Number of protein chains: 4
Amino acid sequence: MTTKARVAVIGATGYAGAEVVRLIAGHPHVTLNLLTSRQYAGKPYDHVFPALTKCIQQHCEIFEPDTAVQKADIFFLALPHKTSMRVAAPLINAGKKVIDLSADFRFKNLTSYEAHYQPHEEPELLKQSVYGLCEVYKDQILKADLIGNPGCYTTSILLPLIPLLKEKQIDSKGIIADSKSGASGAGRSPALGTLFCEVNEGFKAYKVAEHRHAPEMDENLSIAAGTDVHVLFVPHLVPMSRGIVSTLYVRCNENIDEKRILDCLNTAYDGCPFIRVLPEGRLPNAAHVRGTNYCDIGVKYSSEQGIAVIISAIDNLIKGAAGQAVQNMNIMMGFKETDGIDMIPFPL
Amino acid sequence: MTTKARVAVIGATGYAGAEVVRLIAGHPHVTLNLLTSRQYAGKPYDHVFPALTKCIQQHCEIFEPDTAVQKADIFFLALPHKTSMRVAAPLINAGKKVIDLSADFRFKNLTSYEAHYQPHEEPELLKQSVYGLCEVYKDQILKADLIGNPGCYTTSILLPLIPLLKEKQIDSKGIIADSKSGASGAGRSPALGTLFCEVNEGFKAYKVAEHRHAPEMDENLSIAAGTDVHVLFVPHLVPMSRGIVSTLYVRCNENIDEKRILDCLNTAYDGCPFIRVLPEGRLPNAAHVRGTNYCDIGVKYSSEQGIAVIISAIDNLIKGAAGQAVQNMNIMMGFKETDGIDMIPFPL
Amino acid sequence: MTTKARVAVIGATGYAGAEVVRLIAGHPHVTLNLLTSRQYAGKPYDHVFPALTKCIQQHCEIFEPDTAVQKADIFFLALPHKTSMRVAAPLINAGKKVIDLSADFRFKNLTSYEAHYQPHEEPELLKQSVYGLCEVYKDQILKADLIGNPGCYTTSILLPLIPLLKEKQIDSKGIIADSKSGASGAGRSPALGTLFCEVNEGFKAYKVAEHRHAPEMDENLSIAAGTDVHVLFVPHLVPMSRGIVSTLYVRCNENIDEKRILDCLNTAYDGCPFIRVLPEGRLPNAAHVRGTNYCDIGVKYSSEQGIAVIISAIDNLIKGAAGQAVQNMNIMMGFKETDGIDMIPFPL
Amino acid sequence: MTTKARVAVIGATGYAGAEVVRLIAGHPHVTLNLLTSRQYAGKPYDHVFPALTKCIQQHCEIFEPDTAVQKADIFFLALPHKTSMRVAAPLINAGKKVIDLSADFRFKNLTSYEAHYQPHEEPELLKQSVYGLCEVYKDQILKADLIGNPGCYTTSILLPLIPLLKEKQIDSKGIIADSKSGASGAGRSPALGTLFCEVNEGFKAYKVAEHRHAPEMDENLSIAAGTDVHVLFVPHLVPMSRGIVSTLYVRCNENIDEKRILDCLNTAYDGCPFIRVLPEGRLPNAAHVRGTNYCDIGVKYSSEQGIAVIISAIDNLIKGAAGQAVQNMNIMMGFKETDGIDMIPFPL
């Protein structure tokens, strides 16, 4: 047996970080060797997440770059924006592989990042980073040291749209993305808006046409389309813990129907183990991908309006965060793409 | 004290029927005098709905027209499509007021009804019926004997759009309605798809561009617009019991902004006690109207795409069914429009 | 029309306070004249609770005793323990009626209060206060100026047990109360444990045999039994917003059966509009009392073990807090006991 | 690589059957070779459970004994009581390993089975069957051909109590089991009581002291105690999909405390990979075992009442059904006990 690669999860006590920890703990080729958390430093990890009793034995530590680089070969950063870029720099300089779950390394366009986030302190690093949308940028991910892991909403929107834009099957103008997410997307920090009683039996839109995932979508859709794309992105909060469903409304260029759209998607994702293009007449459900790294895609074309309704579903914490991060690691490290993330969906 | 008008609820053991029963039981000017149910005939109503113990003392009876017309002045029909038209006829002939919650009397256009439902057996009655969208057709409701009570989704879509179409504030082409409903919309008959475990922690679209509420929307939007309107209607199922949120995407005709849209809505609904046009920056939430007859409407305009996002929320069983039915009764009978349906929303 | 009594809600922006506000806003004989909140002072109340848009027009104010006594005749205090006693004193001295929803005036036994809470700063006021368990202490409530409104769990346990202890139908030793509460019982302050994702799809016991409602139960059960009673109280958290179900296990003294227990309860609560003793074979459900002031009670006797299982259900925010508080006001003020709280339960 | 053993799931389209299918599909040493379903015969399995698209390729077949014995070596029966015994007989006669998830082979005491179910048609088979409570009857399971897989509630109650009764740490009289289960326990057949709207925001007890799992508990607890045990068993329905929490009230024999109870449990379950005895001060939560084969156990002793509160949590579909069934297979077949069921819990 070969030595397993050592993994560190920096910021291990948010929802995305904990999901990385869980997936890494079950991964056949790596071993979890460092967990950091400012808030819970010194505490056993299973005191923070009692579900993981007997499964994760480590304590939370404070992130300290010099020590960290001794302890791990691969770093997952599940930190707030801005903190991430500061943490990433010394790790990259020490020759480590870094997969960053924040927005700090997701943008090619520095101006766009700075307009929606803050001044970037590591623009050179940003240039060498690769956007970790696995099925689309796999060739670059293979050679990357630093991955900007895509946003959850963004993943659910890019995966169905990019092949259709590349193949000019749909109009790049007027795209509408009506997305719905479970509450875990809002994170683990206590806040009034994510209390059980505020979410349960409710449903609402928020940040309509103002969400920071939109420029991330636009950048990648524009690359695919070869022209500027501006999505109208409207996120909603669903009373469930996990899952994103995006309902996409796109105008179609010519004599199109469901079959042609499905063919285009099937061709694009042939051999991709985590994309399930559903047959005609079937549509995704957040429940069907819960706990898995799948992205399900279904299509319905309305000839009356000339609009295709394309619907995708992912688990926001897995394909939308931790699972895609592990998939990126698998690609970067030459593991099998499905290692550690080949969960079979729950039938309910 | 004057004599109270006597009410019958025909088909009292579905969700909508039970909600009519509850509202009528708390209404100041009417008394519940007949409850019918084929399935539960002979059973005390509170055996069917134990929540109503001590509140509703009656037994369920079999509907028998000759007896029924002796027992009540106002009839609410909460029956399946087709059954309703057959039950309505003898009641109308006997000079009763009838409010029908099925689709049987919602259409002006017989062809459209027959295309989406079945042959209509009472086309003459259909002609004299009035579509009971209270805030829009109040003048006709005042004089009506037979009301076709609007569908739940339809209500949530017509109320925000009709004034904007009438005032030519929005383009009548390319309207998209992305609607989300709680599970009670699917009714009380046991079915796999509405089992707790099938709905909980899931989210899905269904009947995309195929739902029978769409022609009902189109008919009324076309009247308002003075031209043919075809909405692209995409319903979704939310893991909650009650509530509909509709996110409407409409192109705008010219120099529009949120203020102009809100002004138009505020003008149209001035004096309407159940429409709450939210101030700029505020958006509806299904939780805020739960258990009430309110329709909340909020607006966000995206100048980048030239699309207004108009969002409405109702309780599907109240404003979308039983509450609007009682509101129709109030208008028809000359009661105060809010009688019996002036519930204050729960803060959570 | 006579002048309506003026009501103040002090601490109006927690869940219990907001529920008092809602009930008072719909009450026929009082008017809401003052809302206070330290956190939201100066803000329109409907910005804090958007559900109440158009229903509550006031702004939140800072509580200032001299002003407050000018503005209202009846004060509901929905404040943290300790804050309450300090606020109550000047109001009582000014001759106002005060209904306190905290624990500060619930105990006859000063030692017990101080053991489980903190030193009491107003022991004289405590002496003159009345424990507001409406159905049990109505005679004293009628004449009271200061009410200690019972705890939510406590209400669900005292109502079924007090008549049975008084009538010596059950053994006062070995009583077990296994209670289950929705998440609103934990309040509206953001906390990790009440985030949607922490509560949803989970179920757990907490503060087993350590909850501060137990001594409140013991004091009142001991009075009823005429001997010391110590309940073993085990609360659990249910993934729902509202409701408490308490499953009580009591040994029975002699030849007992369901009928005798039900007879005892029916006799005790004859004429009490909010107690629904269910017929043999029927058991309560939190859903059946949601949004109402009812306490439902059902009984099953197991002859094999000689134990009666007595089950109660209330809405923790209504009969367990705001509704009982309004019921206390109704009794104190000579209103009809059901005024403003005669809601008919939702059929679902 | 050796040949994998072939598995059949008979009755594969209920919730428990589907969960067996899912676990078998991910198991390293067996292969799924036959799926049967009367209702869905001929349909692709992923049409019945769309979540399993791309994961399960088979069609549902009709169970036909002669064909079935050709297709598989190990049979999981997820059938209704009575059907199971008829299906098991020819399989056992053909020398197959059978794990039955119904109650048909759970009882040693034929009279008890027949009193609570129906006449047993295979009493000889019943005699040779082994009760599949893995941690307790492992020695017999090792040699068994026919397993009666324990009931879900029963598992959650036997695992914590059996060691304590064996070691005389608790009184065998007066045991109370207050259990709470998610809705999947009621199965996948459409029924009014398990509709989303009937379960959501509700909580209720049912079959109080009348549930058929009680005699199954009694039989096994009596064996452990060496004397007749009669548990008072009160099940409740929780608005969640998966999970059982059992709160057990037991009187203690002498100078006991939490430490002694925990020591006894830790000793009994030393080396058992699926039992997590929680340290003092920690209590189980259904959420912490969801999706896993763990049984978590926590303890709180109340010296005031001399009662120990012992709380267990399992996933009813896994440790309470399919997971324990696979664990039984692992033991019978000499696989590693955790093979295919070593899932790491979700942090949320």
Side-chain angles (χ1 to χ4, degrees), chain B residues 12-27 44-56 182-184 188 200-201 239 241-242 273-279 282-292 294 296 298 315 317-318 322 342-348, chain C residues 12-27 44-56 182-184 188 200-201 239 241-242 273-279 282-292 294 296 298 315 317-318 322 342-348:
Chain B
T13 55
Y15 286 145
E19 196 70 9
V20 174
V21 168
R22 183 177 75 89
L23 294 174
I24 292 299
H27 195 286
Y45 194 69
D46 70 356
H47 279 220
V48 187
F49 292 102
L52 296 172
T53 297
K54 271 199 178 184
C55 300
I56 306 290
S184 59
R188 192 168 173 261
N200 186 39
E201 281 294 289
S241 292
R242 287 164 174 259
F274 295 116
I275 310 291
R276 301 194 294 191
V277 179
L278 303 181
R282 294 254 307 273
L283 293 173
N285 185 330
H288 298 166
V289 297
R290 191 166 20 121
T292 79
Y294 284 115
D296 283 4
D315 183 317
L317 292 179
I318 302 186
D342 55 350
M343 299 80 80
I344 301 172
F346 292 102
L348 76 149
Chain C
T13 55
Y15 285 144
E19 196 70 9
V20 173
V21 167
R22 184 178 73 90
L23 294 174
I24 291 300
H27 195 286
Y45 193 69
D46 70 355
H47 279 221
V48 186
F49 293 101
L52 297 172
T53 296
K54 271 202 178 182
C55 301
I56 306 289
S184 59
R188 193 169 173 260
N200 185 39
E201 281 293 289
S241 292
R242 286 163 174 258
F274 295 117
I275 310 290
R276 301 195 293 192
V277 179
L278 302 181
R282 294 255 306 274
L283 294 173
N285 184 330
H288 298 167
V289 297
R290 192 168 18 124
T292 80
Y294 284 115
D296 283 4
D315 182 317
L317 291 178
I318 304 187
D342 55 352
M343 299 80 80
I344 300 172
F346 292 102
L348 75 152

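Being a predicted model, the structure only gives us computed values, none of them experimental. Quick note on labels: first sequence line is chain A, next is B, and so on, each numbered from 1.
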| task | For Ile344(B) and Leu23(C), run side-chain contact (heavy atoms from CB on, under 4.5 Å): C-alpha distance rounded to whole Å, both residues' side-chain angles, the deciding distance at 0.1 Å, then the answer. | result | CA-CA 8 Å; Ile344(B) 301 172; Leu23(C) 294 174; over 6 Å; no

| Check against side-chain contact (heavy atoms from CB on, under 4.5 Å), Leu317(B) and Leu348(C) | CA-CA 10 Å; Leu317(B) 292 179; Leu348(C) 75 152; 3.5 Å; yes

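Arg22(B) places no side-chain N or O within donor-acceptor distance of the main-chain N or O of Pro347(C), the cut-off being under 3.5 Å. The main-chain N or O of His47(C) is never found under 3.5 Å from a side-chain atom of Arg282(B) such that the two would form a donor-acceptor pair. Checked by atom type and distance alone, the side chain of Lys54(C) pairs as donor or acceptor with a backbone atom of Ile275(B) at under 3.5 Å.
Looking only at heavy-atom pairs under 4.5 Å with chain B, the residue among Pro284(C), Ala25(C), Ser241(C), Pro345(C) that has the most is Pro345(C). When the candidates Arg242(C), Arg290(C), Glu19(C), Met343(C) are compared by the number of heavy-atom contacts under 4.5 Å with chain B, Arg242(C) comes out ahead.
Of the atoms belonging to Ile56(C), not a single heavy atom falls under 4.5 Å from chain B. For Arg188(C), no part lies near chain B; criterion is any non-hydrogen pair under 4.5 Å. Only the side chain of Asn200(C) comes within contact range of chain B, judged by heavy atoms closer than 4.5 Å.
Distance check: Phe346(B) CZ to Ser184(C) OG gives 11.5 Å after rounding to the nearest 0.5 Å.
Proximity of Arg276(B) to Pro50(C): side-chain heavy atoms (C-beta onward) are nowhere separated by under 4.5 Å.
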